[in-house]
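The structure appears right after this line, and notes come after that.
Naming: A, B, ... by sequence-line order, numbering from 1 per chain.
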Amino acid sequence: MTVRTRYAPSPTGEPHLGNMRTALFSWLLARHYGGRFFLRIEDTDQARYIESGIEAQMEALRWLGLTWDEGPDVGGPYAPYTQSKRLKIYREHADRLVAEDHAYLCYCSPERLDGVRKAQQVRKEPPRYDRHCRGLSPEERRAVEAEGTSPVVRFKTPLDGETVTHDVLRGSVTFQNETLDDFVLLKSDGYPTYHLAAQVDDHLMETTHVLRGEEWLPSAPRHFLVYQAFDWEPPAFAHLSRILGPDRSKLSKRHGAHAALEYREQGYLPDAVVNFLALLGWSLDDHTEIIDRDMLIRHFDLDRVLTNPAVFNAEKLVWMNGVYIREMPDQRLADEAAPFLERHLARPIDRELFMRIIPLVKERIKLLSEIVDMADFFFTNGDLKYDVETLLGKRYASDPAAALKALEAATERLEAADGWEHGRLEAAVRPLAEEFGVKTGELFGVLRVAVTGKTATPPLFETMEVLGHKRTLERLRSAIKRLRGETGAK
RNA sequence: GCCCCCGUCGUCUAGAGGCCCAGGACGCCACCCUUUCAAGGUGGAGAUCGCGGGUUCGAAUCCCGCCGGGGGCACCA
């Protein structure tokens, strides 16, 4: 049998990391077994529908490279893949359950239901539908129908006995039927609830494995009951644990990014996010951390998926992103990072110059967005922004005259250098440290700020080489001028 | 209130009765390398395996109870 899994979001908001992990696990399972992965849109809630929701979901999947074989955009053998276009199917199935005495029409108003719930709460009883319409006689039914109320269809849950649900990860979980109530299958607006629609579709679309959040576990018995009523074989269910914030609460905006696509904005690589997410609740063995996509597909299976909730370890993701950046070919890194710099500078950058910069910054950034701080000075013209205290550093803080002398001497040597290759530049300048009786780091520090405006940069002489003869000397002279002007040193 | 799930270093995890007075990774600390920052290397601190009872010659691993955390109880998914 072909494995068929799906990602079935409802377009009610931005897809977040938890959603993406569910999608990833489903995708991996299908790919591992050479099966099919499809996308289904569960837009049966008119009130919460968001126009951009479907596109946001697809964009997040695309970004992470979770390709789907069937879906609302590409179609497939079980189309349509959008629930709002399948209303007739749900209606027919609801009718069938009513005809077979597994469901009934309920005319209770929202106000009455609300009253019932409130009364139950006062009595410290679990809030549950009181089955008022379950036992309506034909006459009573005609009477309420005459009033013109549009009914909902409710499932006729067995009053006693128990329902055994199966979860691939947890085994059997048994629920007493008396703790369940008669849930709604079809709403009065003609739309199905999740309880009907998802089961009907998963059966019709021949889903073999349903991966979903563990918040669905309490309603799993309802779904098994629905399958039973239809006399269908249920798919395998796997309820995935939640992803928690650092304070063990639900992961949210307070913990930094929450929406999956925000990670793209912040400079995370899809491969790193996929690797990281895969390790949240799954492991390959006792020591492997970096696992690329092919390897994930080769090894992923449900038997090593955990059921305990995982706290989102943001620092580890950053580290892992750095690993992926360092392993990336220069050309690809340049292509991925350039947009961040271009967005910052609000203009296109010289890609050829950028390619020469990449090797200098590659092991210095962990997020693509850090390229801005690490390399912007390569692309700016005119004066750098730094203050004289930074230029002087600790060593020269109280002796600007000495700094000036060192700067002038270094500039002179660089002007005289034959060739602008970093080895030559270093050979020209390095001896100065000894001559002036300072540590090389102290001397280079002043030059570094003069040339880049920053204290943390790629290696000094390689930076100068890439920056070029003209601009390097301009910046050195500008620093000399500032030192004279602002400290009065001579 | 009722129902369900979960519980190994701060965090992600390995562990399916003796290989574990618990291994790896992130983070943290120290040292090395070093022109800054990184990267890299070496070493270190860090878990009475939630607690209490059993079962067993032997338990993180099996059983029971408790505690703690989380989730669910809609004409939302």
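- Nucleotide B:A30 is matched to B:U42 when pairs are restricted to Watson-Crick or G-U wobble geometry with both distances under 3.5 angstrom.
- Checking B:G27, B:U35, B:C75 against the side-chain heavy atoms of A:E315 singles out B:G27 as nearest.
- Neither OP1 nor OP2 of B:A74 sits under 4.0 Å from any side-chain N or O of A:K187.
- For the residue pair A:S241 / A:N308, no side-chain donor-acceptor distance below 3.5 Å is found, with atom types taken as modelled.
- OP1 or OP2 of B:G1 has not a single side-chain nitrogen or oxygen of A:R123 nearer than 4.0 Å.
- B:C31 and B:U48 are spaced 29 Å apart, taking the P atom of each and rounding to whole Å.
- Applying the 6.0 Å contact sphere to CD of A:E434 captures no more than 12 heavy atoms from other residues, nucleotides or ligands.
- The CD1-P distance, from A:I54 to B:A77, rounds to 15 Å in whole Å.
- B:C2 is paired with B:G72 under the Watson-Crick or G-U wobble criterion, all donor-acceptor distances under 3.5 Å.
- Below the 3.5 angstrom threshold, one finds a donor paired with an acceptor across the side chain of A:E289 and the base of B:G24.
- No donor-acceptor contact under 3.5 angstrom links the side chains of A:D189 and A:Q46, judged on distance only.
- To the nearest angstrom, P of B:G71 lies 9 Å from CD of A:E214.
- Each of B:C4, B:C12, B:G1 was ranked by its minimum atom distance to the side chain of A:L280; first place goes to B:C12.
- Here the separation of B:A59 from B:C19, taken at their C1' atoms, is 15 Å to the nearest Å.
- Side chain A:R128 to base B:C73: no donor-acceptor pair is found below 3.5 Å.
- Under the Watson-Crick or G-U wobble criterion, with both distances below 3.5 Å, B:U48 is left unpaired in every strand shown.
- Comparing B:G44 with B:C4, their C1' atoms are spaced 43 Å from each other, to the whole Å.
- In terms of phosphate contacts, A:R112 brings no side-chain nitrogen or oxygen within less than 4.0 Å of OP1 or OP2 of B:A74.
- Across the protein-nucleic acid pair, A:Y90 atom OH and B:A77 atom C1' stand 13 Å apart, rounded to whole Å.
- The side chain to side chain donor-acceptor pair (under 3.5 Å) test with A:R222 singles out one residue from A:T193, A:D181, A:D182, and that residue is A:D181.
- Heavy atoms of A:G213 sit nowhere under 4.0 angstrom from any nucleic acid atom.
- A:T457 comes within contact range of at least one nucleobase, with a heavy-atom separation under 4.0 Å.
- Nucleotides B:G50 and B:A45, compared at atom P, are 23 Å apart to the nearest Å.
- One can place CZ of A:F276 at 10 Å from P of B:C12, the figure rounded to the nearest angstrom.
- Closest-nucleotide positions on RNA chain B for A:F175 and A:A456 were compared, and the one nearer the 5' end corresponds to A:F175.
- Between the P atoms of B:U42 and B:C63, the separation comes to 41 Å (whole Å).
- The phosphate of B:A14 (OP1 or OP2) has a side-chain N or O of A:S283 nearer than 4.0 angstrom.
- Whole-Å rounding puts the A:R212 CZ to B:C76 P distance at 17 Å.
- Put simply, CG on A:N308 is 16 Å from C1' on B:C4, counting in whole angstrom units.
- At a cut-off of 3.5 Å, with distance as the only test, a side-chain donor of A:T12 or A:S10 sits close to an acceptor on the other residue.
- Checking the phosphate oxygens (OP1, OP2) of B:A38, no side-chain nitrogen or oxygen of A:K362 falls inside 4.0 Å.
- Nucleotides B:C32 and B:A16, compared at atom P, are 41 Å apart to the nearest Å.
- Straight-line distance between the P atoms of B:A60 and B:A74: roughly 43 Å, to the nearest whole Å.
- Base pairing annotation: B:C67 forms a Watson-Crick or G-U wobble pair with B:G7, both donor-acceptor distances under 3.5 Å.
- In the set B:C37, B:C3, B:A77, B:C37 carries the atom at the smallest distance from any side-chain atom of A:R364.
- In this model, the phosphate group of B:G40 is approached by a side-chain N or O of A:R326 to a distance below 4.0 Å at OP1 or OP2.
- Residue A:F276 forms a ring pair (Phe, Tyr, Trp, His ring centres under 6.0 Å) with just one option from A:Y324, A:W319, A:F312, and that option is A:F312.
- Per the geometry, NE2 belonging to A:H223 stands 10 Å off P belonging to B:A77, to the nearest Å.
- Side-chain contact between A:L17 and A:L277 is present, with heavy atoms from C-beta onward closer than 4.5 Å.
- Across every strand in view, B:U61 sits unpaired, with no contact that passes the Watson-Crick or G-U test at under 3.5 angstrom.
- In A:E435, the CD atom is crowded: over 12 heavy atoms of neighbouring residues, nucleotides or ligands sit closer than 6.0 Å.
- With P as the reference atom, B:A39 and B:A30 are 15 Å apart, rounded to whole Å.
- Side chain A:S188 to base B:C75: a donor-acceptor pair is found below 3.5 Å.
- Atom OH of A:Y324 is separated from atom P of B:A39 by 18 Å (rounded to the nearest Å).
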